[in-house]
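The block underneath contains the structure these notes are about, expressed in structure tokens.
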Amino acid sequence: MSTHLSEQEIQRREKLKELARLGVEAYPAPTFEVNTTSKQIAEEFDAEKKNLQDISIAGRLMSQRIMGKASFGVMQDSLGKVQFYVSRDEICPGEDKSLYNDVFKKLLDIGDYIGIKGYVFKTQTGETTIHVREIKLLSKALKPLPIVKEKDGEIYDAFTDPEQRYRQRYVDLIVNPQVRETFVMRSKLISTMRNFMTERGYLEVETPVLQPMYGGAAARPFKTHHNTLDMPLYLRIANELYLKRLIVGGFDGVFEFAKDFRNEGMSRFHNPEFTMMELYVAFKDCYWMMDLFEEMVEAVVIALHGKTEITVGENQINFARPWKRYTMFEAIKEYTGTDISALDEDGLRAAAKQLRVAIDDTMGKGKLVDEIFGTHVEPKLIQPTFITDYPVEMSPLAKKHRSEAGLVERFEVICNAKEICNAFSELNDPIDQRERFEEQLVLGKRGDTEAMQLDEDFLRALEYGMPPTAGIGIGIDRLTMIITNQPSIQEVIFFPQMRSEVAQLRSEEAKS
RNA sequence: GAAUUCGUAGCUCAGCUGGUAGAGCAAUACACUUUUAAUGUAUGGGUCAUGGGUUCGAAUCCCAUCGAAUUCACCA
């Protein structure tokens, strides 16, 4: 990093020296006891009752309006902002006015942490304000914050550059309150789901992130190496096969909020690490899981918004049960007018061409169906919609359909034109599962970099017997994007992956 | 990985077809005891992402590199 300091950074370092000269500690150690918050003051202050007459609050100084011997300022704590009023002769009752004239007026900066003691009152203009009796510097900021101003709900000079916002999320969180709100909602979403499952008796578990063999999804992994064991390890792309081992072990229901890692392209819908919640429940099938998922998402939306209908981008989306349910063939017929359910591979290829779907010769039956669906149906599914009965070729871990040849017991929910979950009646026939893995091996040899590996230990577990099981994987980031109305995954992940600025900074350093 | 757009003061942005950088906020100084995008006056602050090229002259044109956004491809 360049050692060049801006004018403002130099000034703030000078102020540190001046504070020291005045005997003011810039980074004091003792606890500053707090007994209220900006939120409590805003909600509970009552000028009639004269409550909140002895408060102590800490936060970041966000603006200062100095008018001679009196000043107003705004401080921000974790729950919001509150205005305060300082009068020179009250904080400096004696002859020495340096606390006000020097420390408060000159040596404090926007961004500094301060502690305030005083009482709450309303100004002539009616704003709830803290009348300051004591003010104390708690931590000096050496870098200037972006200054965002607001009047009548209009925001001026918002801090908007996405690169800076993501790289310096701490600054984004300080100056953009709606960003904080989005992440609080993400946290509530997760806790609502966790409670929902825990209340039903399912056990939250943890399974390996470092896996000797990756599996449970079609994706390219990150590879690493363990020095002591001298063996390759992979960062998990899914935890499915481990959770099923636990069902074999006798748990009725297990779930995990898992960070998964996929070494693939990045976009506003893809981050290399992302969060997936997987749940497996014994003695159930995928139709049972449809009801559970529908109920859970409806509960989450109500918990976060107090209603089932929300605005997402241009659309109004209503999560009230029941949601539409289509088989994949029904959905394709509905949206293209073409019934492809009885077609063989050649017929599908012809139908795809007629529907102007981009295909190539390597695509098998399942892939062709998926391409038609992805091109003509998925983009149109805005309201949450179940799609069931997927082709067997695309689903090596799902049980064959109880009545439809060539299909599996599987569903996805599409919402806002994106998949938000994927669920099966889990394949528990160990012989069938071995054959499916073997088909994947063939695909892998043909060069499919996302084909699954054959996991002998998983097959051994199935051979001990896995009960009929329903399983689901829910993309937490995608679900959060929809429920918080955010257009990109980077807006719902605190620290999204970015190209390193290190190379850039180093080359600058080398020159100087 | 490909295409397009973009990178100017701490922040948000201007800078026309090349003539040597500007505004608002922030900062500094002074004034002001209930203001609120506080106000008034004055001042300082920029290797115009980086490196090269064309040119008498480049923030502006060309090439390369770094970084970002959007779209596409792969996927969740």
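In the text below, chain A, chain B and the rest are named by the order of the sequence lines, each starting its count at 1. Predicted, not measured: the structure shown is a model, and the values here were computed from it. All heavy atoms count here, side chains included; hydrogens, waters and symmetry mates do not.
Across B/U35, B/U28, B/U33, the shortest atom-to-atom separation from the side chain of A/Lys69 is found for B/U33. Ranking B/A68, B/U70, B/U33 by closeness to the A/Asp89 side chain, first place goes to B/U33. Side-chain proximity of A/Arg268 to B/U35, B/U70, B/U12: nearest is B/U70.
A heavy-atom distance below 4.5 Å is found between the side chains of A/Phe183 and A/Arg169. Taking the side chain as every heavy atom from C-beta outward, A/Arg436 and A/Val392 approach each other to under 4.5 Å. Residues A/Ile382 and A/Ile317 meet the side-chain proximity criterion, which asks for heavy atoms closer than 4.5 Å. Using a 4.5 Å cut-off on side-chain heavy atoms (C-beta onward), A/Val82 and A/Thr128 make no contact.
Side-chain nitrogen and oxygen atoms of A/Arg499 include at least one within less than 4.0 Å of the OP1 or OP2 phosphate oxygen of B/A68. The phosphate of B/U34 (OP1 or OP2) has no side-chain N or O of A/Lys122 nearer than 4.0 angstrom. Between A/Arg478 and B/A76 there is no side-chain N or O to OP1 or OP2 distance below 4.0 Å. In this model, the phosphate group of B/C11 is approached by a side-chain N or O of A/Gln164 to a distance below 4.0 Å at OP1 or OP2.
Remark: A/Asp89 engages A/Lys97 in a salt bridge, criterion side-chain N to carboxylate O under 4.0 Å. Ion pairing between a basic and an acidic side chain is recognised when a charged N comes within 4.0 Å of a carboxylate O; A/Arg21 and A/Glu18 show such pairing.
In this structure A/Ser6 satisfies the side chain to side chain donor-acceptor pair (under 3.5 Å) test together with A/Glu9, sequence neighbours excluded. Not a single side chain to side chain donor-acceptor pair (under 3.5 Å) links A/Ser139 to another residue, sequence neighbours left out. With sequence neighbours excluded, the residues that form a side chain to side chain donor-acceptor pair (under 3.5 Å) with A/Asp389 are A/His401. Residues meeting the side chain to side chain donor-acceptor pair (under 3.5 Å) test with A/Arg262, sequence neighbours left out: none.
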Polar atoms only, N or O, under 3.5 Å: list the protein pairs with nucleotides 36-38 of chain B and their distances.
| from | atom 1 | to | atom 2 | distance (Å) |
| --- | --- | --- | --- | --- |
| B/U36 | O4' | A/Arg65 | NE | 3.4 |
| B/U36 | O2 | A/Gln83 | OE1 | 3.2 |
| B/U36 | O2 | A/Glu127 | OE1 | 3.3 |
| B/U36 | N3 | A/Glu127 | OE1 | 2.7 |
| B/U36 | O4 | A/Thr125 | OG1 | 2.0 |
| B/A37 | O4' | A/Glu150 | O | 3.3 |
| B/A37 | O2' | A/Lys149 | NZ | 3.3 |
| B/A38 | OP1 | A/Lys149 | NZ | 2.6 |
| B/A38 | OP2 | A/Arg65 | NH1 | 3.0 |
| B/A38 | N6 | A/Ile66 | O | 2.6 |

Would you tabulate the nitrogen or oxygen pairs shorter than 3.5 Å linking the protein to nucleotides 3-6 of chain B?
none

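Atom name C1', nucleotides B/A26 and B/G46: the rounded distance is 15 Å, in whole Å. Comparing the C1' positions of B/U4 and B/A76 gives an interatomic distance of 26 Å, to the nearest angstrom. Comparing the C1' positions of B/A14 and B/U28 gives a spacing of 25 Å, expressed to the nearest Å. A gap of 29 Å separates the P atoms of B/C16 and B/U71, to the nearest Å. Across B/G67 and B/U41, the matching C1' atoms stand 42 Å from one another, rounded to whole Å. To the nearest whole angstrom, the two P atoms, one in B/A49 and one in B/A21, are 15 Å apart. Nucleotides B/U17 and B/U60 are separated by 13 Å at their P atoms, to the nearest Å. Comparing the C1' positions of B/U50 and B/A38 gives a spacing of 42 Å, expressed to the nearest Å.
Rounded to whole Å, atom P of B/U33 lies 15 Å from atom CD1 of A/Ile91. As rounded to whole Å, 17 Å separates atom P of B/C32 from atom CZ of A/Phe72. B/G1 atom C1' lies 13 Å from atom CG of A/Asn263, rounded to whole Å. Here B/U33 presents its C1' atom at 13 Å from CG of A/Asn101, a figure rounded to the nearest Å. Rounded to an integer number of Å, the gap from A/Lys15 NZ to B/A26 P is 13 Å. Going from atom NZ of A/Lys105 over to atom C1' of B/U33 covers 11 Å, rounded to whole Å. The separation between A/Ile420 atom CD1 and B/A76 atom C1' is 12 Å, rounded to whole Å. A straight line from CG of A/Asp102 to C1' of B/C30 spans 15 Å, rounded to a whole angstrom.
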From CA spacing to verdict: side-chain hydrogen bond (donor to acceptor under 3.5 Å, both in side chains), A/Asn422, A/Arg410
CA-CA 7 Å; A/Asn422 184 15; A/Arg410 170 178 176 183; 2.9 Å; yes
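A/Ala158 comes within contact range of the sugar-phosphate backbone alone, with a heavy-atom separation under 4.0 Å but no base atom that close. Heavy atoms of A/Asn271 sit under 4.0 angstrom from at least one base atom.
Each of A/Pro162 and A/Ser87 has a nearest nucleotide on RNA chain B; the 5'-most of these lies closest to A/Ser87. Toward the 5′ end of RNA chain B lies the nearest nucleotide of A/Asp161, the other residue of the pair A/Lys418 and A/Asp161 mapping further downstream.
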Give RNA chain B the dot-bracket treatment, 5' to 3': Watson-Crick (N1-N3 with N6-O4 or O6-N4) or G-U (N1-O2, O6-N3) under 3.5 Å, [ ] crossing, | other strand.
(((((((..((((.....[..)))).(((((.......))))).....(((((..]....))))))))))))....
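Counting only residues at least two apart or on different chains, the ring pair (Phe, Tyr, Trp, His ring centres under 6.0 Å) pairs with a member in residues 368-390 of chain A are A/Trp323-A/Phe386, A/Phe386-A/Phe411. Pairs engaging residues 129-175 of chain A under the ring pair (Phe, Tyr, Trp, His ring centres under 6.0 Å) rule: A/Tyr85-A/His131, A/Tyr119-A/His131, A/Phe121-A/His131 [sequence neighbours left out]. The list of salt bridge (Lys or Arg N to Asp or Glu O under 4.0 Å) pairs with a residue in residues 375-385 of chain A, not counting sequence neighbours, is empty.
Of the N and O atoms on the side chains of A/Asp77 and A/Thr37, not one donor lies less than 3.5 Å from an acceptor on the other residue. Between the side chains of A/Gln497 and A/Asn271, no donor N or O sits under 3.5 Å from an acceptor N or O.
Atom NZ of A/Lys188 has 12 or fewer heavy atoms from other residues, nucleotides or ligands within 6.0 Å.
Counting all heavy atoms, side chain and backbone alike, A/Lys140 lies closest to A/Tyr27 at O-OH, 2.8 Å. The two residues A/Cys415 and A/Ile420 have their closest heavy-atom pair at CB-CD1, 3.9 Å.
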Whether each nucleotide of nucleotides 41-46 of chain B has a protein heavy atom under 4.0 Å at its base (B), only at its sugar-phosphate (S) or at neither (-) is summarised, 5' to 3', as ---BS-
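Of all the residues in residues 272-281 of chain A, A/Phe274 reach under 4.0 Å from RNA chain B with at least one non-hydrogen atom.
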